[in-house]
There are 2 protein chains.
Amino acid sequence: MCQNAFVPRYVDKDERRRQVAGALHRIAAREGLEKVSIRTVAAEAGLSVGAVQRDFGTKDELLHFALRQMLANVAKRISEVRIGPGRLSFAEGLRRVLTELLPTDDDRLAEARVWSAFYARAAVDDRFADVLAELDAHSREALRAAVGWAVETGELAPGQDPDALVELLLVLVDGVWLSAVRQPSGTPLDAPRAAVEAAITALTVARRDDRAADARG
Amino acid sequence: MCQNAFVPRYVDKDERRRQVAGALHRIAAREGLEKVSIRTVAAEAGLSVGAVQRDFGTKDELLHFALRQMLANVAKRISEVRIGPGRLSFAEGLRRVLTELLPTDDDRLAEARVWSAFYARAAVDDRFADVLAELDAHSREALRAAVGWAVETGELAPGQDPDALVELLLVLVDGVWLSAVRQPSGTPLDAPRAAVEAAITALTVARRDDRAADARG
DNA sequence: CTCCTTTCAATACGGTCGTATCGATACGAA
DNA sequence: TTCGTATCGATACGACCGTATTGAAAGGAG
């Protein structure tokens with residue numbers, strides 16, 4: 001009779017919500033978000049329709065949870081990159097952050113395909129756009145940390161505006177992963193990987209003054 | 001009995017195919033590609049379901065025609081920008097090309113929303129990816145023409161690699177319009193417009209050597 | 001004029017969708 | 001043990017989907 005202390009929880013609810021979200025990610029990466037339905041997700045997760053319904057109630061809630069799950073995954077990955085004194089150098093830290101953000105391997109390419117589907121949703125649904133704004137904020141913060149550390153160590157030319165550089169890097173990240181996503185399947189991931197290295201090279205070139213002139217022309 | 005000379009064409013078929021595609025574009029920009037169906041498109045175009053069916057046969061054909069129509073529109077717009085001797089200067093030509101490619105007004109933002117939906121499709125369907133590759137080629141050609149003319153007139157620093165610059169601009173274009181698309185509706189379009197001007201400024205700065213140093217910091 | 005083909009709206013059909021409902025079952029509380 | 005509740009798979013329902021079909025209307029060809 002205790003109001004809600006009675007919880008015969010046979011399974012870990014959050015864990016299964018995450019598993020269902022994973023099933024959704026696999027379907028979306030393989031066939032697109034329009035093939036995602038309660039039924040297809042339930043089948044992919046090895047559950048019944050009713051089970052998914054009980055965990056999420058409505059399809060909209062399922063989609064939002066899956067999106068937030070992706071956001072959490074990326075945010076965790078890039079927040080674990082530790083740049084600073086005694087940690088990673090600017091070049092290596094930036095490389096790690098960009099590698100996490102860009103489709104540098106097949107898993108991340110699959111993830112990028114799902115992102116592209118959610119971007120299309122965000123274009124017509126502000127609720128999704130708000131979540132993507134959070135992703136933007138996380139990426140900006142990680143890049144700001146990397147660039148800020150470069151300023152401290154003098155790895156960046158002193159007159160360079162760090163904020164503008166961060167914004168440029170954000171645009172580059174978006175442009176590069178979008179280019180990778182639109183390639184026909186099977187295209188090797190050389191372009192995103194090369195873009196990472198090109199960005200590192202361009203931004204760490206200020207270390208040696210004689211190479212600064214080369215960078216400009 | 002003439003095999004097919006008997007054509008009592010009451011309406012211009014191609015014209016109406018374009019009108020139907022326009023209806024699809026409006027729905028996709030407003031509610032997303034998943035709300036596009038034979039029925040909704042027919043209603044938006046003021047036609048019956050049967051009419052749309054006769055013009056396109058299958059929904060897949062309708063989608064591909066609508067995508068190719070968007071491609072043709074953009075290709076026409078950017079190919080009309082004439083850069084060269086007696087025509088537009090590098091700065092002005094680049095400004096025009098970038099203005100056409102980026103969501104610099106509400107119409108182009110609506111178009112960008114539809115592009116984002118087709119990008120998501122291209123991520124899981126090579127047939128759409130192939131069309132987007134054509135868009136890529138058109139953009140690359142237009143930017144190559146602009147940069148090439150800048151090299152001829154010396155508006156670009158001579159050591160700068162034109163091809164690399166074109167690729168950089170392409171990535172910037174993708175990143176900027178994707179950023180604009182994910183903003184909540186009602187967000188002003190200052191960012192894409194500022195990006196156009198920033199690119200112009202950064203690339204035409206080489207005209208005056210004293211400003212080259214400022215650009216680098 | 002009469003035919004013949006194209007156009008057209010309307011409707012039918014089979015399928016999938018999101019969601020609601022329902023009996024059976026499993027397990028903690030008493 | 002018995003009871004009450006949370007979980008479960010299965011199924012029902014109405015809506016919308018893509019597509020096929022059908023019969024009426026329309027306008028050049030003879």
Side-chain angles (χ1 to χ4, degrees), chain A residues 1-21 23-24 27-28 30-67 117 120-121 124-125 127-128, chain B residues 1-21 23-24 27-28 30-67 117 120-121 124-125 127-128:
Chain A
M1 272 301 288
C2 329
Q3 303 199 10
N4 58 359
F6 181 70
V7 270
R9 183 176 299 173
Y10 317 134
V11 297
D12 183 347
K13 211 153 183 180
D14 278 351
E15 171 57 24
R16 214 184 46 185
R17 277 167 72 97
R18 258 175 271 123
Q19 285 183 1
V20 174
L24 188 151
I27 295 176
R30 197 195 314 134
E31 308 172 71
L33 213 46
E34 68 270 355
K35 296 286 184 181
V36 165
S37 73
I38 304 281
R39 281 168 238 261
T40 58
V41 170
E44 173 82 23
L47 299 172
S48 69
V49 173
V52 175
Q53 273 188 290
R54 216 172 327 96
D55 285 344
F56 291 98
T58 181
K59 185 189 179 183
D60 231 55
E61 193 180 326
L62 168 58
L63 280 174
H64 276 91
F65 181 86
L67 175 55
R121 285 249 162 166
V124 292
D125 187 335
R127 293 235 297 143
F128 290 91
Chain B
M1 275 304 286
C2 328
Q3 304 199 8
N4 57 0
F6 182 68
V7 271
R9 181 177 300 174
Y10 316 134
V11 296
D12 183 347
K13 210 153 181 178
D14 278 352
E15 171 58 23
R16 214 182 48 183
R17 278 167 70 97
R18 259 176 270 123
Q19 285 183 2
V20 173
L24 187 150
I27 296 177
R30 196 194 314 136
E31 309 173 68
L33 212 47
E34 68 269 355
K35 296 286 183 179
V36 165
S37 73
I38 305 280
R39 283 168 237 259
T40 58
V41 170
E44 174 81 22
L47 299 173
S48 68
V49 173
V52 176
Q53 272 188 292
R54 212 170 336 95
D55 286 344
F56 291 99
T58 180
K59 184 190 178 182
D60 231 55
E61 194 180 326
L62 168 59
L63 280 174
H64 275 91
F65 180 86
L67 175 55
R121 286 249 163 168
V124 292
D125 187 335
R127 293 235 297 143
F128 290 91

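Reminder, nothing fancy here: chain letters follow the sequence lines and each chain counts from 1. Because the structure is predicted, anything quoted here is derived from the model rather than measured.
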Colleague: Side chain to side chain donor-acceptor pair (under 3.5 Å) with R54(B): which residues, sequence neighbours excluded?
Modeller: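 In terms of side chain to side chain donor-acceptor pair (under 3.5 Å), with neighbours along the sequence ignored, R54(B) is linked to no residue.
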Colleague: Specify the separation, in whole Å, of atom CG of D55(B) and atom P of dT7(C).
Modeller: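 Rounding to the nearest Å, CG of D55(B) and P of dT7(C) are 9 Å apart.
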Colleague: Would you kindly give the NE2-to-P distance between H64(A) and dG18(C), to the nearest whole Å?
Modeller: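 Distance check: H64(A) NE2 to dG18(C) P gives 15 Å.
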Colleague: Could you tell me which residues satisfy side chain to side chain contact (heavy atoms under 4.5 Å, CB included) with A21(A), sequence neighbours excluded, listed by chain and number?
Modeller: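 In terms of side chain to side chain contact (heavy atoms under 4.5 Å, CB included), with neighbours along the sequence ignored, A21(A) is linked to H25(A), F65(A), A66(A), Q69(A).
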Colleague: Side-chain donor-acceptor pairs under 3.5 Å in residues 45-52 of chain A, sequence neighbours left out?
Modeller:
unit_1 : atom_1 : unit_2 : atom_2 : d
S48(A) : OG     : A51(A) : N      : 3.3

Colleague: Could you work out, with side chain to side chain contact (heavy atoms under 4.5 Å, CB included) as the rule, every residue matching E44(A), not counting sequence neighbours?
Modeller: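 With neighbours one apart ignored, the set is A23(A), R26(A), I27(A), R30(A).
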Colleague: Quick test: give all pairs of protein nitrogen or oxygen and nucleotides 16-22 of chain D nitrogen or oxygen below 3.5 Å, distance rounded to 0.1 Å.
Modeller:
unit_1  : atom_1 : unit_2 : atom_2 : d
dC17(D) : OP1    : S37(B) : OG     : 3.1
dG18(D) : OP1    : K59(B) : NZ     : 2.7
dG18(D) : OP2    : I38(B) : N      : 3.0
dG18(D) : N7     : R39(B) : NH2    : 2.4
dG18(D) : O6     : R39(B) : NH2    : 2.7
dT19(D) : OP1    : T58(B) : OG1    : 2.7
dT19(D) : OP2    : T58(B) : OG1    : 3.2
dT19(D) : OP2    : K59(B) : N      : 2.8
dA20(D) : N7     : Q53(B) : NE2    : 3.1
dA20(D) : N6     : Q53(B) : OE1    : 3.0

Colleague: Reckon R54(B) has a side-chain N or O less than 4.0 Å from the OP1 or OP2 of dT6(C)?
Modeller: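 Checking R54(B) against dT6(C): no side-chain N or O falls below 4.0 Å of OP1 or OP2.
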Colleague: I'd like a table of donor-acceptor pairs (distance under 3.5 Å, sequence neighbours excluded) in which one partner is a side-chain atom from residues 32-39 of chain A, with atom names and distances.
Modeller:
unit_1 : atom_1 : unit_2 : atom_2 : d
S37(A) : OG     : R39(A) : N      : 3.4
S37(A) : OG     : T40(A) : N      : 3.1
S37(A) : OG     : T40(A) : OG1    : 3.3

